[in-house]
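Structure first, commentary second.
Numbers restart at 1 for each chain; the letters A, B, ... are given by sequence-line order, proteins then strands.
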Number of protein chains: 4
Amino acid sequence: MTIYVEGPIMPRITPERREARRAEIVAAARRCFSRDGFHQTSMPDIAAEAGVSAGAPYRYFASKEEIILAIASDAFRLVFEPVERLAARTDHASVADLLAASLEALNADTVTDAAGREVPVDELLRCAVQSWSELLRNDAVRAPAVEGFQGVLRGITEALRRGQAAGTVPPAVQPERAARVVMGLLHGCLLQRVAFGLTDTAGFGDELSALLAGVDATSGRGGANGTTGATPP
Amino acid sequence: MTIYVEGPIMPRITPERREARRAEIVAAARRCFSRDGFHQTSMPDIAAEAGVSAGAPYRYFASKEEIILAIASDAFRLVFEPVERLAARTDHASVADLLAASLEALNADTVTDAAGREVPVDELLRCAVQSWSELLRNDAVRAPAVEGFQGVLRGITEALRRGQAAGTVPPAVQPERAARVVMGLLHGCLLQRVAFGLTDTAGFGDELSALLAGVDATSGRGGANGTTGATPP
Amino acid sequence: MTIYVEGPIMPRITPERREARRAEIVAAARRCFSRDGFHQTSMPDIAAEAGVSAGAPYRYFASKEEIILAIASDAFRLVFEPVERLAARTDHASVADLLAASLEALNADTVTDAAGREVPVDELLRCAVQSWSELLRNDAVRAPAVEGFQGVLRGITEALRRGQAAGTVPPAVQPERAARVVMGLLHGCLLQRVAFGLTDTAGFGDELSALLAGVDATSGRGGANGTTGATPP
Amino acid sequence: MTIYVEGPIMPRITPERREARRAEIVAAARRCFSRDGFHQTSMPDIAAEAGVSAGAPYRYFASKEEIILAIASDAFRLVFEPVERLAARTDHASVADLLAASLEALNADTVTDAAGREVPVDELLRCAVQSWSELLRNDAVRAPAVEGFQGVLRGITEALRRGQAAGTVPPAVQPERAARVVMGLLHGCLLQRVAFGLTDTAGFGDELSALLAGVDATSGRGGANGTTGATPP
DNA sequence: CATGAATGAGCATTCATTCAT
DNA sequence: TATGAATGAATGCTCATTCAT
């Protein structure tokens, strides 16, 4: 005898499984994009890399652009989050500290994403560089990127203000401008690593410290500062 | 309509005319690339923008990639040349001077190319960002770009060494690393300008000076702003 | 959620329930087809409109074509049945009577199908027009449609013959040809209603009467109505 | 020596050649559509039928829909033009004359299009039936079709009014309604020919005459129309 | 039985490139 | 030389259908 209860029938795959599948597709897309670029990668390429059929990605993303957007977001988050986190919690960070914190993420081999999955940093950084191109002409990429960037800038600015109050940041520093310098160095370092083959990013942060500290160190001397072209006799 | 009588072989157009035509095509491509991106621009788009037939660009460039390459080269040259030039000729440049010199180019509205033609800086910078994506996976773009970058780096390094000898650069500075910091700031600033809408690049260079000078300032000197080459005794 | 215990084979749903489900799917398909056309409607569209899963329609129909076939049949039946019914039972119908009977169905808002379900006439008529396209190249649609059409034609022909015997149809009328005229007017009227926006189908039938009666009128006799074929010598 | 005059260079193909090529593609599409239907015909099918490459049709039509539209227009024109032409020039047409004129076109094997090319009538009529489906949900097809239809209706209406003035149309006829009857019969006849396999459209028009004349005949005037085989003495 | 994820062939369309004129 | 028509492979995406759960 058959007993049955009317009611909605459960989906064939659990939300976890679905999420895992989506992540596989994202990971495959990231590998493809990192290797071949957003526009040299076709949707069939992504499907093949993920080991699924050509139609499968469309059950998880409405379009190729949506995949690009997801990966660009991940990439920007990787770059922005560490420095934002430090900026949020410290009251006596120096400029060099903030930069060092942000560069740290670039030096890791992998990061762990929100769902606990390991993601190769190098892939994400290569996607980040491509996302810069993308945001030039794609509002869906630009808007959140710009907003995220401004958020980080604000975070750093505030941290520097607190640092000035705490005496760890020189009073002559203009927080808004310095925040841009920190982000500029971060982006510049990122680019050197992935595009120009200079993977030694550690020295990068160190050198800013050295530049500042070096001046400081010599500060017995007067015009230790390089800007002063005219060092007095 | 063209009427012509066959005769002894001679170029149908003068070399000057040919060069001008090529430049028109490059300029059209640059406008398209700047507006729509390398891969969203089709060859017919470029031809239409240049006001020539679909086949015409192929008489000047073997392929679309070659046009991209030409424009990427122009873009990299714009970024590298000013700082390289300063580095080559000065014996007592400070770190901030070098950065200021390189940022200057980014602030102009137009530059003059090798053939004396005016080129909008903004277009070139947008193409530069896209070229970064391109060089990730295109050897023809990467090789000269990396070489150019290393050349600039060497130039700055040498200039800093000479600066240390001259006393305008603190001895604690490591020239190789500092050169990378300068280029990192240059690229970071460029990106902020074209991708994140922060066009105030002037303050950017100023702030590095301030950071350095600020430290200095704490050691007794007031001059908050590093750009002032002329610090009185 | 469905809980069930295996047991002796028995239908999981009652035949009534199954039939009702099938009817829902047909109704959903009819709405979709009427709105978007046979070929702009996808199977997922139909399933969604019916509120069932994508696979469900395949438990009732082997293919999309079978659904089209079912609906085309309904549509043709709607058009053919009323006139066939009148033709079958009358012994003294005039040409105009037959036409009027067939047009009546087109003027209703809904009809009741074999299972007693209300079906919007407009939906069915729109499907009928599409079925004409379909039968041009689909034998499964054409064969029954042509057979049905010929059946109606025969029915009308016979009715006209009986009418001639009864004196309600003029002897000069050729029954086969007149039957085609009746059906032609029916189809033409249908098309005007659904495709050309002329919903006033009532006047349509009236006018044929007028045309016939009008001629009659000019010949001196009062018989205002063409249905009165019975002009005695 | 080469003499040349600057100026626009002529296109490689003459406008005539271009027009001929376009006509070939239209003819190929018409054959495909007539055989397989609008939506079962793919663009590659059309290109192959025309003996050109897959991309070629896009140099003449922006999209598949545009090809459909062009052919639907041709089809509607074929149906509307003959009756419209007669209606425009006659002052003493009878209802039967107008119908006969419009049916004549359906009986031809080929018609000559605006550019003087022979077009098989059967193909066009099959496309006409499909266009009826198309106009149900495609505004680009519907708008001109409805407008054309209303134009013909007006033309017939006016002709009937003039006929009433001339005494060739009975005064009891309501011109608007009769015009719709004429068009309804035309469409119904068309459908019988292409969809239901009844190619004898001649008898169709004859019978309307018979229906009218038959009545008339009984009133003493004699067999007005040759179709009425059975004119009693 | 019912679900809905998955498949994979197919489609409309684009575009880098060629080449007859 | 310059033109622009033509090519044909490739792309993003859809959808009828299947089948494991």
Side-chain angles (χ1 to χ4, degrees), chain A residues 2 4 6-14 17-18 21 39-47 52-65 67, chain B residues 2 4 10-13 17-18 21 39 41-47 52-65 67, chain C residues 1-2 4 10-13 17-18 21 39 41-47 52-59 61-65 67, chain D residues 2 4 6-14 17-18 21 39-47 52-65 67:
Chain A
T2 301
Y4 56 88
E6 289 289 338
I9 287 182
M10 286 291 108
R12 289 317 100 186
I13 62 172
T14 61
R17 181 92 191 86
R18 181 173 169 85
R21 186 74 108 140
H39 302 290
Q40 276 58 43
T41 297
S42 72
M43 288 296 276
D45 288 344
I46 295 171
V52 299
S53 71
Y58 287 93
R59 292 197 60 78
Y60 298 88
F61 297 92
S63 66
K64 184 180 173 180
E65 194 191 309
I67 303 184
Chain B
T2 302
Y4 56 86
M10 67 157 48
R12 291 286 150 72
I13 60 172
R17 181 94 189 85
R18 184 175 165 83
R21 185 79 105 140
H39 302 290
T41 297
S42 72
M43 287 295 273
D45 287 343
I46 294 171
V52 298
S53 71
Y58 286 92
R59 300 201 62 80
Y60 299 89
F61 297 92
S63 66
K64 184 179 174 182
E65 193 191 307
I67 303 184
Chain C
M1 182 176 164
T2 302
Y4 55 86
M10 65 159 47
R12 291 287 152 70
I13 60 173
R17 181 94 188 83
R18 182 174 167 84
R21 185 79 105 140
H39 301 291
T41 297
S42 71
M43 289 293 274
D45 287 343
I46 294 171
V52 299
S53 72
Y58 285 91
R59 302 204 60 80
F61 299 92
S63 66
K64 184 180 174 182
E65 194 191 308
I67 303 184
Chain D
T2 302
Y4 56 88
E6 290 288 338
I9 287 183
M10 286 291 107
R12 289 317 101 187
I13 62 172
T14 62
R17 181 89 192 87
R18 181 175 168 85
R21 185 76 108 142
H39 301 290
Q40 277 59 43
T41 298
S42 71
M43 289 295 274
D45 287 343
I46 294 171
V52 298
S53 70
Y58 286 93
R59 291 196 62 77
Y60 298 88
F61 298 92
S63 66
K64 184 179 175 182
E65 193 191 309
I67 303 184

- Message: Expressed as a whole number of angstroms, how long is the span from His39(A):NE2 to dT14(E):P?
- Response: 17 Å
- Given atom CD of Glu65(D) and atom P of dC11(E), what is their separation to the nearest angstrom? 18 Å
- Position toward the 5' end of DNA chain E (nearest nucleotide), Gln40(D) or Ala62(B): Gln40(D)
- Arg21(B) has its side chain closest, among dA2(F), dT17(F), dA16(E), to dA2(F)
- May I ask you to verify if any side-chain N or O of Tyr60(B) is less than 4.0 angstrom from the OP1 or OP2 atom of dA2(F)? yes
- Starting at the 5' end of DNA chain F and moving along, which residue's nearest nucleotide shows up first, Ser63(C) or Ser63(A)? Ser63(A)
- Taking side chain to side chain donor-acceptor pair (under 3.5 Å) as the test, write out the residues that go with Gln40(D), two or more places apart. His39(C), Arg137(C)
- Which comes earlier along DNA chain E counting from the 5' end, the contact point of Asp45(B) or that of Asp45(D), where each point is its nearest nucleotide? Asp45(D)
- Options dT1(F), dT13(E), dG12(F), nucleotide nearest the side-chain atoms of Met43(D): dT13(E)
- Task: Grab the CZ-C1' distance between Phe61(D) and dA12(E) for me, whole Å please.
- Result: 16 Å
- For DNA chain F, what string of dots and brackets results from 5' to 3' when Watson-Crick and G-U pairs need both distances under 3.5 Å, crossing pairs get [ ], and pairs with another strand get |? .||||||||||||||||||||
Under-3.5 Å N/O pairs linking protein and nucleotides 8-10 of chain F:
residue	atom	partner	partner atom	Å
dG8(F)	N7	Gly55(D)	N	3.4

- Among the candidates dC1(E), dA2(F), dT17(E), find the nucleotide nearest to the side-chain atoms of Arg18(C). dC1(E)
- Query: Which heavy atom of Thr41(C) sits nearest a heavy atom of Lys64(C), and at what distance?
  - Reply: O-NZ, 2.6 Å
- Message: Let me spell it out: for each of Lys64(A) and Val52(B), pick the nucleotide of DNA chain F with the closest heavy atom. Which residue's pick is nearer the 5' end?
- Response: Val52(B)
- side-chain contact (heavy atoms from CB on, under 4.5 Å) with Ser63(A): which residues, sequence neighbours excluded? Glu65(A), Glu66(A)
- Note on the structure: Looking only at heavy atoms, the pair that brings Ala47(B) and Ser53(B) closest together is CB-O, 3.4 Å
- Task: Sequence neighbours left out, what passes side-chain contact (heavy atoms from CB on, under 4.5 Å) with Ala54(D)? Give chain and number order.
- Result: none
- Message: The criterion is side-chain contact (heavy atoms from CB on, under 4.5 Å); which residues satisfy it with Ser42(B), sequence neighbours excluded?
- Response: Pro44(B), Asp45(B)
- Query: Which nucleotide sits closest to the side chain of Tyr58(B): dT18(E), dT13(E), dA2(E)?
  - Reply: dT18(E)
- Residue list, side-chain contact (heavy atoms from CB on, under 4.5 Å) with Tyr60(B), at least two apart or on another chain: Ile13(B), Arg18(B), Arg21(B), Arg22(B), Ile25(B)
